[in-house]
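One structure below.
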Amino acid sequence: MNSMTTTEAALRGLGVCCAIGNAVLHALLIPDHLEEKFYIGVLFAVGSAVMLAVAVGLATMRRPAAAWLTGTVVSLGMIVGFALSRTVGLPDGYYERDWEPPYGLLSLIAEGLFVIVFLAWLTRREGPQRIFQPARRQSRERIHARRNASERD
């Protein structure tokens with residue numbers, strides 16, 4: 001009963017690819033940003049590490065809700081940070097005028113697609129109530145349902 005459906009595997013696989021792509025793209029930019037604005041480089045390094053952990057979590061966890069939520073929060077944060085850095089700027093006078101082709105656009109695609117895939121995963125047939133319900137509780141409910149059914153017979 002614990003086998004993964006094709007849809008689940010495809011969504012997780014796409015999520016892993018987006019998370020790894022996001023991590024690699026930001027990792028490539030770390031050295032330049034450490035020199036330009038140290039805290040931006042540190043944020044890129046932390047974001048890359050977290051997204052690699054998200055990729056591992058999506059690939060290995062039986063119940064990957066925490067990995068999906070973490071990856072979505074980080075992806076949305078990166079999208080917002082990107083937008084702010086090109087509009088009103090970030091603290092300490094950090095303002096970017098361009099998109100750092102091809103990194104900016106590719107990062108936005110990876111981050112946005114991760115969020116979309118998370119929403120698809122969240123709304124698949126099982127629904128959120130099954131996704132976030134602890135596994136142990138489901139087992140107890142099945143046992144109680146069987147007992148109640150056998151008592152009625």
Side-chain angles (χ1 to χ4, degrees), residues 1-139 141:
M1 275 306 194
N2 291 330
S3 64
M4 192 182 311
T5 66
T6 304
T7 303
E8 172 83 8
L11 291 173
R12 283 197 197 199
L14 190 52
V16 167
C17 291
C18 290
I20 290 172
N22 187 344
V24 168
L25 288 166
H26 283 89
L28 291 171
L29 297 171
I30 292 170
D32 291 339
H33 284 84
L34 284 172
E35 287 180 20
E36 187 178 348
K37 283 288 184 203
F38 184 77
Y39 82 94
I40 298 295
V42 170
L43 288 173
F44 278 19
V46 170
S48 292
V50 170
M51 291 309 287
L52 286 176
V54 165
V56 169
L58 289 176
T60 62
M61 295 172 74
R62 274 183 68 198
R63 302 182 62 82
W68 280 115
L69 288 172
T70 302
T72 298
V73 168
V74 170
S75 292
L76 289 172
M78 289 178 170
I79 292 169
V80 169
F82 182 89
L84 290 175
S85 70
R86 280 142 181 89
T87 55
V88 297
L90 294 173
D92 200 22
Y94 184 76
Y95 178 79
E96 289 281 334
R97 295 195 191 300
D98 63 8
W99 283 51
E100 295 183 49
Y103 303 108
L105 181 60
L106 291 174
S107 294
L108 288 175
I109 289 170
E111 294 152 3
L113 187 56
F114 187 93
V115 173
I116 291 168
V117 173
F118 165 69
L119 293 173
W121 177 81
L122 188 64
T123 58
R124 69 193 198 289
R125 194 170 51 148
E126 289 84 9
Q129 66 278 2
R130 287 216 40 209
I131 293 167
F132 296 107
Q133 188 176 33
R136 188 178 295 159
R137 182 179 170 109
Q138 287 179 355
S139 298
E141 288 175 356

Take N22 and F114 through the test side chain to side chain contact (heavy atoms under 4.5 Å, CB included) and record every step on the way to the result. CA-CA 9 Å; N22 187 344; F114 187 93; over 6 Å; no
Take I40 and L90, measure what side chain to side chain contact (heavy atoms under 4.5 Å, CB included) needs, and give me the verdict at the end. CA-CA 9 Å; I40 298 295; L90 294 173; 3.8 Å; yes
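Atom CG of L11 sits about 10.5 Å away from atom OG1 of T6, to the nearest 0.5 Å. Distance CD1/I30 to CG/L25: 11.5 Å, rounded to 0.5 Å. Here CD1 of I116 is found 11.0 Å from OG1 of T72. Values are rounded to the nearest 0.5 Å.
Considering only heavy atoms from C-beta on, K37 stays 4.5 Å or farther from P91 through its side chain. Side chains of F118 and S75 form no contact here, defined as non-hydrogen atoms less than 4.5 Å apart.
The local environment of OH in Y95 is crowded, with over 12 non-hydrogen atoms from other residues, nucleotides or ligands closer than 6.0 Å. Counting heavy-atom neighbours within 6.0 Å of Y103 OH, excluding the residue itself, gives a total of 12 or less.
Of all heavy-atom pairs spanning G71 and V54, the tightest one is N-CG2, 3.7 Å. Contact between S48 and M78 at its shortest, heavy atoms only, is N-CE, 4.5 Å. Across all their heavy atoms, D92 and Y39 have their closest contact at CB-CE2, 4.1 Å. G15 and W68 get closest at one heavy-atom pair: CA-CH2, 3.9 Å. Taking all atoms of both residues into account, the shortest heavy-atom contact from H26 to E111 is CE1-OE2, 3.0 Å. When every heavy atom of F82 is checked against every heavy atom of G104, the shortest pair comes out as CE1-CA, 3.8 Å.
With R86 contributing its side chain and D98 its backbone, the two residues share a donor-acceptor pair below 3.5 Å. Not one N or O on the side chain of R12 forms a donor-acceptor pair closer than 3.5 Å with the backbone of A9.
Ring pair F44/H33 is tilted by interplanar angle, where 30° to 60° counts as tilted.
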